[in-house]
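Here the structure is laid out as structure tokens; the discussion comes afterwards.
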Amino acid sequence: MPAKKSTLTPVVTLESPMGVVYCVSYFPNGKRIVSGSSDKTTREWDLETGKEVKKARHVCEQKVHTIGISRDGRWVVSAGGDSENGELKIREVATGTVRTFGSQRISCVDISGDSTLLVSGSCDGTVRIWSLETAKLAAGPIRSADSVGAVRFSQNSKKLAVKSFWGKHLEVWDIQSQKLHASTVGGSIYSPDVPVFWTTRDTIVTTLNFAHTRNRRNGMIYEFNASTLKTIGAPIKGHTSRPIIGLALSLDCALLVSATSDNTIKLWHFQSRQLLASFKIMSVHSIFLSPDSRQLVYTARGKSNTIHLCNIPPEILTRIQPIPRVRTSAPRNLPSADVLFPFSCSFTPHH
């Protein structure tokens with residue numbers, strides 16, 4: 001069946017008073033989000049009123065490039081930095097208490113499914129795992145092959161997927177032993193950072209640029225065996241002329257959303273690799289799915305300070321049913337690794 005020609009019109013547009021919005025993350029109930037911006041703030045938004053919850057605003061010392069919210073809704077993590085300094089902060093929602101972790105320049109974070117561990121990835125190629133309760137280092141630093149652009153805990157939080165900033169390296173690490181479990185290397189690349197996802201069937205989904213494609217603007221999405229990092233099935237090839245700059249996967253792994261720099265957002269039935277819909281959206285920067293997978297959020301490139309929330313067309317939801325209507329806990333694939341960053345990691349790869 002051909003892709004449906006549907007419209008994707010924002011039902012809510014949130015406007016930050018200052019600064020470019022870099023990242024967004026949902027609270028577990030899907031009624032509020034937190035955004036991070038270039039104005040060194042994190043802002044909490046009530047989606048029912050479309051207004052900022054001003055008492056929850058937090059001022060940081062660095063630009064905020066990535067946001068994460070724990071599965072139990074207890075913790076909000078913000079991170080970022082510049083070329084010289086990094087910042088990693090955790091706020092306890094109930095008390096408003098903020099603690100600062102020692103860090104390098106942070107490019108990505110994720111939170112374990114039991115809401116006890118935080119992983120951070122840095123542009124210097126290191127990965128660290130922290131205790132959310134004590135704010136102390138629990139494991140690491142683990143040294144990846146390159147500047148780190150995306151991290152993701154496995155469903156059971158025993159392993160960690162690490163992807164390089166420019167999409168050349170993909171690794172799986174055993175958290176307890178802190179040893180490399182599997183790795184694969186791409187070829188000559190040109191691709192902004194894209195999130196990595198760990199699916200319900202213990203596979204990994206992301207983009208990676210392989211040498212045999214001979215395409216520095218490779219627009220393909222791959223599913224990998226987590227034990228070997230060998231590809232599974234055919235890649236999703238919906239974007240051919242531009243690199244993929246955004247990726248989001250629903251909790252039940254039924255709906256996959258991708259975005260490219262040619263102003264296109266595509267919706268896929270993940271299991272069948274079937275294209276469900278394609279939309280033209282100007283200057284897309286990053287994309288996110290709500291916890292119930294019924295809304296798509298995107299931010300724009302350039303000097304945009306807006307966040308756009310769109311309802312997934314009903315005919316698309318029908319074709320990927322069942323999708324849960326209500327979630328009381330945050331999905332495993334919604335922490336802040338699902339973002340892009342406005343800076344480029346330029347450190348020398350480690351060998």
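Along the sequence shown, residues carry numbers from 1.
Pairing each heavy atom of Leu309 with each of Val297, the nearest pair is CG-CG2, 3.7 Å. Taking each heavy atom of Val162 and Ser144 in turn, the nearest pair found is CG1-OG, 3.8 Å. The two residues Leu117 and Ser131 come nearest to each other via the heavy atoms CD2-CA, 4.4 Å. Across every non-hydrogen atom of Thr207 and Met220, the tightest pair is CG2-O, 3.4 Å. Shown here for Ser70 and Asp72, the closest heavy-atom pair between the two residues is OG-OD1, 2.6 Å.
Side-chain contact annotation: Ser115 with Trp75, donor-acceptor N/O pair under 3.5 Å absent. Thr299 and Ser286 share a donor-acceptor pair across their side chains, judged by distance under 3.5 Å alone. Side-chain polar atoms of Thr97 and Arg99 form no donor-acceptor pair below 3.5 angstrom.
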Would Thr199 and Thr203 count as a side-chain hydrogen bond (donor to acceptor under 3.5 Å, both in side chains) here? Give the steps.
CA-CA 5 Å; Thr199 74; Thr203 61; 2.6 Å; yes
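Take His181 and apply the ring-ring contact (aromatic ring centres under 6.0 Å, His included) test, not counting sequence neighbours, and it matches no residue. Under the side chain to side chain contact (heavy atoms under 4.5 Å, CB included) criterion, Asp46 pairs with Arg32, Glu48, Thr49, Val53, not counting sequence neighbours.
Under the 4.0 Å criterion applied to side-chain N and carboxylate O atoms, Asp174 and Lys179 are not assigned as salt-bridge partners. For Glu44 and Arg91, the salt-bridge test passes: some basic side-chain N is under 4.0 Å from an acidic carboxylate O. Checked for salt-bridge contact, Lys51 and Glu15 miss the test: no charged N lies under 4.0 Å from a carboxylate O.
Within a 6.0 Å sphere centred on NZ of Lys63, other residues, nucleotides and ligands contribute 12 heavy atoms or fewer. Within a 6.0 Å sphere centred on NZ of Lys280, heavy atoms belonging to other residues, nucleotides or ligands number more than 12.
With Tyr26 as the partner, the side-chain contact (heavy atoms from CB on, under 4.5 Å) test is satisfied by one option alone out of Leu47, Val34, Leu289: Leu47.
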